[in-house]
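Predicted model only: the values in this text are computed from it and were never measured.
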Amino acid sequence: MITGRALNRVDGPLKVTGRATYAYEQWEAGQPLYGVVVGATIGKGRITRIDTAEAERAPGVRMVMTHRNAPAQGPRDESIQFEYWRAQPVLTGPEVHHHGEPVAFVVATTFEEARGAAGLIHVEYAEGRGRFDFAAHETEAYVPKVVNAGLPADTAVGDFAAGFAGAPVRVDQRYTTPYEFSMPMEPHACLVEPRGEDLIVHVSCQIVDAAWTSVAATLGMDPERVHIVSPYVGGGFGSKLGVHAETILAALAARALRRPVKAALTRQQLFQLVGMRPTSSQRVRLGAGRDGRLAAIAHDVTMHTSPDVEYAEQTAATSRSLYAAPHRATSHRMVPLDLPRGADVRAPGEAPGLLAVESAMDELADALGMDPVELRVRNEPTVDPERGVPYSERHLVDCLREGARRFGWERRPATPASVREGRWLVGYGMAAAIRGHFQAPTAVRVRLEADGTAVVRTDMTDIGTGTYTVLTQVAADGLGLPPDRVRIELGRSGYPRSWGSGGSWGAANSGTATDRACAALRSQLLDAARSDPHSPLHGLPAADAVFADGRVRIGGASETLGALVRRHHPEGLEAVGETLFMADDPNYAAYSIHTYGAHFAEVGVDADTAEIRLRRMLGVFSVGRALNPKTARSQLIGGMIWGVGAALEEEAVVDPRSGAFVTRDLAHYLLPAHADVPDIDAVLLDGHDARANTLGAKGVGELGICGAGAAIANAVHNATGIRVRNFPITLEKLLPGLPVED
């Protein structure tokens, strides 16, 4: 079996030699024009005057597009359930909804000419009174109809108020998380080429089908005339699930000028134009007996949203399946602010939700005088505590026990701020992880050629996670071929549709669809061979067939796949495999399907300066069957590092006067660097969740961040005795409370 092995990336040589071309690197269309987005300098109001004359006279300028001359565009259709498939019109009027919103698009012969001309546009505004301060408007929160993924906004089981009031030990705390951004290495970029009546859109996106539908709807085009091309994507983390202003503007300009147009957002523009994780205020209440068993748990979340496009992150849903407790309540409330809309950022819901819940569990362990690992083990549910259905498989306790053993958890200081090495206060922390596993419609076509090679086609994307490699493994096993006899073709709208890379569903969905297509091909080949008198497999029992090494074997007889295809299907043989929405799969109604993990961290805190240094970190994870342990481990480690950033560094700050993000580049919006992460490891437990899909595999990409930040925060508390509930944990929040030596 190749699936389940640590196969090196099949696209690795292309990437390290620069032959994997990304959206902005395409040159098939010849010399393009270049577009630059001009953003509003106010946070709320309307344009009263816009003067483009000087810019239009500038060298090389071919077009200056504003709301006065932008082509008509399709409206955002709220009846379409998922935002990423809707039209995304831009420059539709003088109203300004948030700071940085596009007010003009300059197209010129070179990028430098376009950027220079952009600075010559003069805009006057009538500034309105914007709502930018979350805390100041928190009392204006409302109840959304549903939250992300179609989940209910509120849930209740038992009688929380009575259960909490009667609990001998109670925790009631509020935790806040800041605005956070996806910052992929490759910025949001595109090249749009008009070709007759068609548009070829090279774009960095996570879901090709969403980009295809959205571009066609926005431009009012026949979708068959729009062609999305996205074979390589340099990261997304949710920010490329839908297309953004630069793609729509480039498409409008390319159609008008009949020339290819390239556009890319600057790093600074990403902070205004691609959406962000909403800021949140989370109240967590835990009521337990003296034995640590939870009687009541409540998780209430208030977060920001745009008044124009609602986005309700499912943050409180984190608590619905994690721990047993007879009395439960969760809620979500939304505060409309005149800021860029919220959007999916890696592990939406679980990432911020577990920062709060797992910090609260640590506080409960302190109140009880109980080991934090043991507290979580004691609250392990036997069935989903809100849905009342069994888990498909649940190995959270195994992750906790194995992680504690490997990490040396028994050496954890029982008393906070009790271990010191010179200037450094040393502490241990841990947290549990949970992430829902999702399934969405995906189709894959597998074709066997007459030479015995296989071609796998789907519009599924590879955003750096290893799709090319994983699908190579699944198809190779499914047809009994060596990996070098399989070719994967991804990221084109003409290929069978998928839900792309997002929500940790990409590999499981596309891998399952590939496996099913291969099964259909095997059946067709066997039927042809067993009914063919010229085949050595004629009349032999199909149940004994083995596909391996490019051959079909039944007992001592065998024949190559190429020979079978040439004789019976000289033009090639193909089959399509598919997956369905979760709602259409009975397993997702009958079982609670999740992935799990446990994080352990050791930190040092400088007793004089409050500098925090991660010393080592371990994550142990249960994801069903790992299709490729090597790429899966990379994903998990990347997520864990993001968790370090969420706990200690990442914070986007809004100027409450203007609605502008003052942390608008990577010099001020801090991310972990190599020196911040000295010793980190991720371990995958063996598993196979047959109820998730035929491969037994579940999502990996987002699980690593889930709970990781809380493990760091709990370690900081263990080192210092200081509990910081306003994330990230920065020097000024620790320094006043640090112990002073006599």
Side-chain angles (χ1 to χ4, degrees), residues 18 21-42 47 49-71 73 88-92 94 96 99-125 185-195 199-204 215 218-219 229 234 243-274 660 664-666:
T21 49
Y22 294 78
Y24 203 73
E25 300 172 331
Q26 299 292 336
W27 289 97
E28 295 176 2
Q31 180 64 49
L33 302 173
Y34 291 83
V36 168
V37 177
V38 180
T41 56
I42 65 169
I47 299 169
R49 178 175 176 271
I50 184 164
D51 184 353
T52 61
E54 189 177 0
E56 289 167 343
R57 292 194 299 269
V61 172
R62 301 295 300 274
M63 167 185 278
V64 178
M65 190 187 305
T66 70
H67 71 276
R68 299 180 307 185
N69 63 343
Q73 298 160 65
Q88 304 292 335
V90 289
L91 301 180
T92 57
V96 175
H99 198 282
E101 180 179 5
V103 297
F105 187 63
V106 180
V107 182
T109 304
T110 68
F111 171 72
E112 291 77 13
E113 288 171 334
R115 186 169 60 175
L120 301 176
I121 296 175
H122 304 286
V123 187
E124 296 176 6
Y125 303 94
M185 186 178 296
E186 178 200 23
H188 298 66
C190 67
L191 165 67
V192 183
E193 175 197 353
R195 192 178 296 173
L199 276 185
I200 315 301
V201 183
H202 298 269
V203 61
S204 185
V215 169
T218 308
L219 272 62
V229 183
V243 295
H244 299 285
E246 83 290 342
T247 302
I248 300 302
L249 290 167
L252 292 170
R255 288 190 85 192
L257 296 170
R258 308 307 304 166
R259 288 281 305 277
V261 175
K262 275 188 178 183
L265 296 180
T266 65
R267 184 62 63 180
Q268 291 78 15
Q269 287 174 325
L270 264 62
F271 287 86
Q272 303 289 352
L273 295 179
V274 302
R664 56 191 296 266
D665 56 37
L666 297 183

Checklist entry - Roughly how far, to the nearest 0.5 Å, is the CD atom of Glu246 from the CG atom of Leu273? => result 8.0 Å
Next on the checklist: For a quick test of reading the model, state the closest non-hydrogen atom pair linking Tyr34 to Thr109 and the distance between them.
Outcome noted: CD1-O, 3.4 Å
Item to check | Nearest-0.5 Å distance, NE2 of residue His188 to CD of residue Gln269 | outcome: 11.5 Å
Checklist entry - Mind checking whether Val201 and Thr247 have side chains closer than 4.5 Å, heavy atoms only? => result yes
For residues 248-265, dump all side-chain donor-acceptor pairs below 3.5 Å to protein atoms at least two apart in sequence or in another chain.
| unit_1 | atom_1 | unit_2 | atom_2 | d |
| --- | --- | --- | --- | --- |
| Arg255 | NH1 | Leu219 | O | 3.4 |
| Arg258 | NH2 | Gly196 | O | 2.5 |
| Arg259 | NH2 | Gln31 | O | 3.4 |
| Lys262 | NZ | Tyr24 | O | 2.5 |

Next on the checklist: Please find the pair of heavy atoms, one from Pro102 and one from Ala245, that lie closest to each other, and give the distance.
Outcome noted: CG-CB, 3.7 Å
Item to check | Check: Pro32 and Trp27 side chains under 4.5 Å, non-hydrogen atoms | outcome: yes
Checklist outcome for this item: To the nearest 0.5 Å, atom CD of Gln88 lies from atom CD of Gln73 at 10.5 Å
Next on the checklist: Ignoring hydrogens and geometry beyond distance, is a side-chain donor-acceptor pair present between Thr21 and Gln26 at under 3.5 Å?
Outcome noted: yes
Checklist entry - For the atom pair CG (Asp665) and CZ (Arg267), what is the distance rounded to the nearest 0.5 Å? => result 10.0 Å
Next on the checklist: Val229 vs Ile200, test: side-chain contact (heavy atoms from CB on, under 4.5 Å). Steps then yes/no.
Outcome noted: CA-CA 7 Å; Val229 183; Ile200 315 301; 4.1 Å; yes
Checklist entry - Among all residues two or more places apart in sequence or in another chain, which pass the ring pair (Phe, Tyr, Trp, His ring centres under 6.0 Å) test with His99? => result none
What donor-acceptor contacts under 3.5 angstrom involve side-chain atoms of residues 56-66, with partners at least two apart or in another chain?
| unit_1 | atom_1 | unit_2 | atom_2 | d |
| --- | --- | --- | --- | --- |
| Glu56 | OE2 | Thr52 | OG1 | 3.1 |
| Thr66 | OG1 | Arg68 | N | 3.1 |

Next on the checklist: Quick check for you: to the nearest 0.5 Å, what is the distance between Glu54 atom CD and Leu120 atom CG?
Outcome noted: 4.5 Å
Checklist outcome for this item: Taking every heavy atom of Ala118 against every heavy atom of Val106, the minimum-distance pair comes out as CA-CG2, 3.9 Å
Item to check | From CD1 (Ile121) to CG (Asp51), nearest 0.5 Å | outcome: 9.5 Å
